[in-house]
Structures are given as structure tokens and as C-alpha cells.
Amino acid sequence: MTHPLAITWIDSRDDEVDAKMAELRRKLSPRGDIVSPAGRQRTLEIFGEALTPQQTVERICRDIDTKGLAALLDYNKRIDGADVMPETLRVSEAELIAAHRQADVAFLQTLRNIRENIREFQTAILHKDVRIERSGGYLAERYRPLKRVGICVPGGAAAYPSSVLMTAVPAQVAGVVELAVMAPPTKFGSNNPDLLATCWELGITEVYRMGGAQGVAALAYGVHGVPRVDKIVGPGNLFVALAKKFVYGEVDIDSIAGPSEVVVIVDGTTEADYTAFDMLAQAEHAPGASILIGWDKPALEKAVAVIEKQLAVVERGELARQSLEEFGAVILTRDAEEACAITDTIAPEHLHIATRNAEALANRISCAGAIFLGNDTPVAVGDYAAGPSHVLPTSGTARFASGLTCNDFLRANSILYFDKTGLAAMADDIRRLATKEGLTAHRESVNVRLGGS
């Protein structure tokens with residue numbers, strides 16, 4: 001018989017609230033040193049010694065950097081059990097075309113609908129060139145797309161065509177021409193027909209059979225047959241996140257992502273059935289953090305009761321239960337104001353405000369990756385179809401980071417032009433500050449053009 005759901009309750013009136021909130025934040029923070037017993041055993045089998053995830057990633061990345069393609073193929077075999085050869089590392093155009101031809105017509109239409117939703121939104125927020133006229137000259141800011149971008153697509157427990165859409169389409173809106181998709185050589189990764197059909201539908205012809213830290217390293221450093229990229233984006237497990245962190249500086253990255261997470265704020269008007277599935281939708285990622293916040297205790301209790309009931313029904317119920325018990329929480333606050341303050345402290349990836357005055361509460365919260373308002377806007381709308389990317393800041397990083405957009409694929413160049421009149425208007429300020437800093441050649445670069453000292 002399944003035991004009752006042992007989710008953590010936190011009452012803001014409790015004397016131990018600070019300690020409980022600190023423990024919750026610790027669980028949600030990016031650590032990079034937490035691994036399951038099965039994961040430790042797997043590392044021992046592959047490397048012959050006990051390594052932390054960070055040590056594992058550093059070894060893989062250094063091997064790829066120094067040994068190139070041979071190391072990549074070796075790790076593909078050791079980690080994913082796949083005998084990928086140099087000639088099969090890149091998915092052939094024939095395979096992409098065949099997958100697209102065999103794809104369900106309704107599935108392809110869904111891809112087109114979602115692509116248009118993403119394209120419309122991303123085009124609307126795309127940075128535009130700016131020019132400011134000054135006396136004797138002008139200043140400008142211009143934007144140019146990155147040339148080449150790598151996209152990580154997971155392929156462990158399920159196939160994720162949505163991750164291709166939510167990363168590739170914003171990049172295409174920005175003007176990126178070369179997109180290289182990496183997915184592990186598994187039935188849910190680069191061997192998955194739906195994933196390959198999605199790539200072909202979006203015009204992506206570079207798909208590589210590689211995943212994990214080794215795939216990230218190959219994209220960052222370049223190996224024979226896989227040219228290096230300028231930026232790596234997209235979701236992945238802990239090892240992908242740590243590899244992106246390790247190669248940052250060689251290339252740009254979008255973020256160092258942790259487990260998916262949601263905060264749901266409810267009141268007496270919120271439908272408990274809706275709340276239950278909002279919580280379960282994140283928990284089924286396993287790991288996934290689901291946090292319920294409200295000031296109406298009966299509403300919270302009702303939602304938890306429905307969650308417990310649905311755990312026995314949903315397909316990934318046991319995994320969701322584990323996530324709820326390890327990473328979940330129910331927080332009872334004094335009022336709506338305190339609920340907003342606590343949410344800002346958590347800075348969640350997804351924030352669903354399913355209350356009577358949802359928009360008003362949203363205006364009081366600054367730190368969240370994406371905010372979903374009202375009873376009829378589940379997080380799945382953003383995950384799959386609406387237009388903003390589902391690649392969002394996790395682990396509290398929404399306090400300083402934002403979700404992926406088309407603008408993350410642009411480089412900005414400042415352009416300055418002045419004639420002698422324009423230079424003269426700023427000359428005294430330049431001379432004075434350069435002299436203060438002892439950089440006399442800076443000062444003289446103005447004097448030589450205008451005279452004076």
C-alpha cells in the first residue's frame with residue numbers, strides 16, 4: 001500500500017520558518033555535487049574510480065579537448081552504450097528526410113503552428129539597431145547574429161521535439177544560419193524519428209549522435225567532423241549543465257540549469273484539480289520542484305488531497321511522489337503580500353499565480369523566469385506552444401537571469417563617428433579625465449587632432 005504523501009509544510013508563523021526556508025533554498029540551489037547511489041556506481045563502472053559529477057565532467061571535457069573525435073566516440077560507447085562510427089556521427093540527410101516523410105501529418109502541422117507562435121513573439125521582441133545624432137557626429141548600436149550555435153536536446157527518458165522548437169526558432173529569428181543539434185544516440189535522442197522530423201521541418205540539417213558532457217565538449221572545442229560553435233544552448237541533466245559551465249569562455253552558454261521548478265500561488269478561488277496537475281506537471285520531471293503557496297489553509301489542504309489522489313493515477317506517479325517529498329513544499333503565509341515576498345526570495349523558474357487578482361500579484365513579484373496568470377494558463381502553455389522559450393533560469397537564478405530569447409543570439413557593436421567639431425565638443429572632458437587617470441597618450445590623441453595641451 002502506498003504511504004501518505006509526506007510533503008513538507010512550512011507555516012510562516014512557525015518559529016522554525018527561517019530554518020525550513022533555508023533548507024528549501026539549499027535543495028533548490030545549484031550544487032553540482034549531489035548524485036544518487038546508482039549514479040555513483042555508474043561512474044565507478046565507467047571510470048574505475050569514485051568521481052564527483054564535477055570531476056567527471058572535467059575529465060570528459062579535457063579528454064575531448066586533447067584527444068578529439070576518438071574520445072568522443074569512446075564516451076558515446078562507455079556512457080550511452082552506442083557504437084557510433086565517424087561516418088555515422090552526423091545523422092545523414094537521407095535519414096532526416098525519411099523521418100519527415102514518415103511523420104504524422106497532424107504532428108507536422110502542430111510543429112508549424114508552434115513555430116509560428118514562437119516566431120511571432122520572438123520577432124516582436126527582437127532588438128533593433130539604434131542611431132543617435134550628435135552635433136558633429138553620431139552614435140549607433142547595431143546587432144548582428146552569431147554565426148554558429150549548438151543546441152542540446154535531452155534523450156534519456158523521453159523525446160523532446162519541444163526543446164528543438166524553443167531553442168532553434170528564436171535563434172533563426174535572430175538570423176543564426178548554422179544550427180548544430182546534439183542528442184544522445186538513444187531511441188529518445190538522435191535515433192528518434194519525431195526529433196529528426198522536427199529538425200528537418202525547421203530546416204536543421206546538422207544533427208549529431210552525441211549527448212552529455214562529451215557532446216557539449218565536442219561542440220565547444222570542435223572535433224573532426226563537428227566544427228566548434230559560438231554558443232551552446234538547451235536543457236540537459238546535471239552533467240550537461242556542469243559541462244556548459246566548464247566550457248564557458250571557450251564559447252558562450254545560455255545558463256547552468258538545475259531541475260525544473262514551479263511555484264503555484266493559490267487562494268480560495270483556485271480550482272484544486274487544476275492546482276494538483278500544475279504541481280504534478282513539474283514533479284513528474286523527476287527531479288522537479290513543486291512549491292505551493294497560499295494564505296487560505298483549507299485551499300492548500302484541498303489541493304494537497306487532490307494531488308495525493310492523482311498520484312495513483314498519473315503515469316509517472318511514483319517518480320512524481322519522490323520529487324514532491326524530496327523537493328516539494330506547501331507554504332502557508334499570513335497574507336498575499338507575504339506570499340509575494342517569499343516567492344521573490346525563491347525566484348522560481350515557473351510562477352503560476354492562480355488567484356482572483358493574479359495580475360495585481362504579478363506586479364509585486366520581480367524574480368521569476370516566466371509568470372502564468374489565472375486558472376486557465378497552465379505552465380504547459382509556455383512549455384509547448386505560446387511563444388516565449390521554455391529555456392528558463394532555475395535554482396533561484398531568476399533573481400539575476402532571464403529566459404532564453406532571440407536577443408541572446410545577437411552580438412551588439414557600438415559605432416561612433418565624429419568630425420572635428422564633434423570631437424572638440426568633448427575634448428576638455430576627455431583631456432581632464434585622461435589626465436586624472438595618468439593616461440597621457442589618451443589625452444594627446446585628442447590634442448594631436450585639435451591642438452592644445
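The shown structure was predicted, so the numbers you read here are calculated from the model rather than taken from an experiment.
For Asp129 (side chain) and Tyr143 (main-chain N/O), a donor-acceptor pair under 3.5 Å exists by modelled atom type. In this structure a side-chain-to-backbone donor-acceptor pair under 3.5 Å is missing from Asn192 to Gly189. Judged by distance alone, with hydrogens and angles left aside, the side-chain atoms of Asn407 form a donor-acceptor pair with the main-chain N or O of His127 at under 3.5 Å. The backbone N or O of Phe246 lies less than 3.5 Å from no partner atom in the side chain of Glu58, so there is not a single donor-acceptor pair. Within the 3.5 Å criterion, the main-chain N or O of Phe239 finds no donor-acceptor partner in the side chain of Lys244. In this structure, the side chain of Arg431 does not engage the main chain of Asn447 through any donor-acceptor pair within 3.5 Å. Between the side chain of Thr270 and the main chain of Ala354, a donor-acceptor pair closer than 3.5 Å is present. Put simply, the side chain of Arg364 never gets that close to the backbone of Leu361: no donor and acceptor are under 3.5 Å apart. Looking only at distances, a side-chain donor or acceptor of Ser190 sits under 3.5 Å from a matching main-chain atom of Ala183. Between the side chain of His442 and the backbone N or O of Glu437 there is no donor-acceptor pair closer than 3.5 Å.
Annotation: the span from Met85 atom CE to Leu69 atom CG amounts to 10.0 Å, rounded to 0.5 Å. Rounded to the nearest 0.5 Å, atoms CH2 (Trp295) and OG1 (Thr333) are 6.5 Å apart. With values rounded to the nearest 0.5 angstrom, Leu373 atom CG is found 8.5 Å from Thr355 atom OG1. Here the CG-CG distance, from Leu96 to Leu195, works out to 9.5 Å after rounding to the nearest 0.5 Å. Between Gln214 atom CD and Leu73 atom CG the span is 10.0 Å, to the nearest 0.5 Å. How far CE of Met426 is from CG of Leu433: 13.0 Å, rounded to the nearest 0.5 Å.
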Using the side chain to side chain contact (heavy atoms under 4.5 Å, CB included) rule, take Val264 and Ile353 through it: C-alpha gap first, then chi angles, then the decisive distance, then the call.
CA-CA 6 Å; Val264 184; Ile353 308 176; over 6 Å; no

Yes or no on side-chain hydrogen bond (donor to acceptor under 3.5 Å, both in side chains) for Glu201 and His100, after CA distance, side-chain angles and deciding distance?
CA-CA 7 Å; Glu201 178 66 32; His100 191 266; 2.6 Å; yes

Is there a side-chain hydrogen bond (donor to acceptor under 3.5 Å, both in side chains) between Gln282 and Ser260? Walk through the geometry before answering.
CA-CA 6 Å; Gln282 294 305 309; Ser260 187; 2.5 Å; yes

So Val84 and Leu72, side chain to side chain contact (heavy atoms under 4.5 Å, CB included) or not? Walk me through it.
CA-CA 9 Å; Val84 178; Leu72 172 63; over 6 Å; no

Derivation of the side chain to side chain contact (heavy atoms under 4.5 Å, CB included) call for Ser162 and His390
CA-CA 9 Å; Ser162 62; His390 71 199; 3.4 Å; yes

Using the side chain to side chain contact (heavy atoms under 4.5 Å, CB included) rule, take Tyr75 and Ile64 through it: C-alpha gap first, then chi angles, then the decisive distance, then the call.
CA-CA 9 Å; Tyr75 280 119; Ile64 301 294; 4.2 Å; yes

Carefully, step by step, assess Arg443 and Thr435 under the rule side-chain hydrogen bond (donor to acceptor under 3.5 Å, both in side chains).
CA-CA 7 Å; Arg443 181 188 65 211; Thr435 301; 3.2 Å; yes

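Side-chain contact between Pro393 and Ser402 is absent, with no heavy atoms from C-beta onward closer than 4.5 Å. Pro170 has its side chain within reach of Ile118: a pair of non-hydrogen atoms, C-beta onward, lies under 4.5 Å apart. The shortest side-chain heavy-atom distance between Leu351 and Val262 does not fall under the 4.5 Å cut-off. Residues Thr56 and Ile46 have side chains not in contact (no heavy-atom distance under 4.5 Å, counting atoms from C-beta outward). Under the 4.5 Å side-chain criterion, counting only non-hydrogen atoms from C-beta, Ile232 is not in contact with Tyr248. At a threshold of 4.5 Å between non-hydrogen side-chain atoms, the residues Glu261 and Phe327 do not count as touching. With contacts defined as side-chain heavy-atom distances shorter than 4.5 Å, the pair His350/Asp383 qualifies. Using a 4.5 Å cut-off on side-chain heavy atoms (C-beta onward), Val207 and Trp200 make no contact.
For Glu116, the CD atom is densely surrounded, since the number of other residues' heavy atoms within 6.0 Å is greater than 12. Atom CZ of Arg112 has more than 12 neighbouring heavy atoms from other residues, nucleotides or ligands inside a 6.0 Å radius. Within 6.0 Å of CZ on Phe107 lie more than 12 heavy atoms contributed by other residues, nucleotides or ligands. Residue Lys436 places its NZ atom among 12 or fewer non-hydrogen atoms of other residues, nucleotides or ligands, all under 6.0 Å distant.
In summary, Glu444 and Arg449 do not engage in a salt bridge, as defined by a charged side-chain N under 4.0 Å from a carboxylate O. With salt bridges taken as basic N to acidic carboxylate O contacts below 4.0 Å, one links Arg148 and Glu206. With respect to the salt-bridge test (charged N to carboxylate O, under 4.0 angstrom), the residues Glu49 and Arg59 qualify. Between Lys77 and Asp74 there is no salt bridge, since no side-chain nitrogen of the basic residue lies less than 4.0 Å from a carboxylate oxygen of the acidic one. Ionic pairing of Arg131 and Glu141 is not present here: no N-O contact between side-chain nitrogen and carboxylate oxygen is shorter than 4.0 angstrom.
Val251 approaches Val229 most closely through the heavy-atom pair CG1-O, 3.1 Å. Closest approach of Ile256 to Ala241, counting heavy atoms only: CG2-O, 3.7 Å. Residues Ile265 and Ile365 approach most closely at CD1-CD1, 4.0 Å, considering heavy atoms. When all heavy atoms of Val240 and Asn237 are compared, the pair lying nearest together is N-OD1, 3.0 Å. Closest approach of Ala71 to Asp63, counting heavy atoms only: CB-O, 3.6 Å. What you find for Glu338 and Ser12 is that their closest heavy atoms are OE1-OG, 2.7 Å.
Judged by a 6.0 Å distance limit and a 45° cone about the ring axis, Arg62 is not positioned over the six-membered ring of Tyr221.
Using bins of under 30°, 30° to 60° and over 60° for the plane-to-plane angle, the ring pair His352/Phe372 lands in the perpendicular bin.
Side-chain atoms of Asn363 and Glu359 include no donor-acceptor pair closer than 3.5 Å.
Applying the side chain to side chain contact (heavy atoms under 4.5 Å, CB included) rule to Asn413 yields the partners Arg142, Arg144, Arg411; only residues at least two apart in sequence or on another chain are considered.
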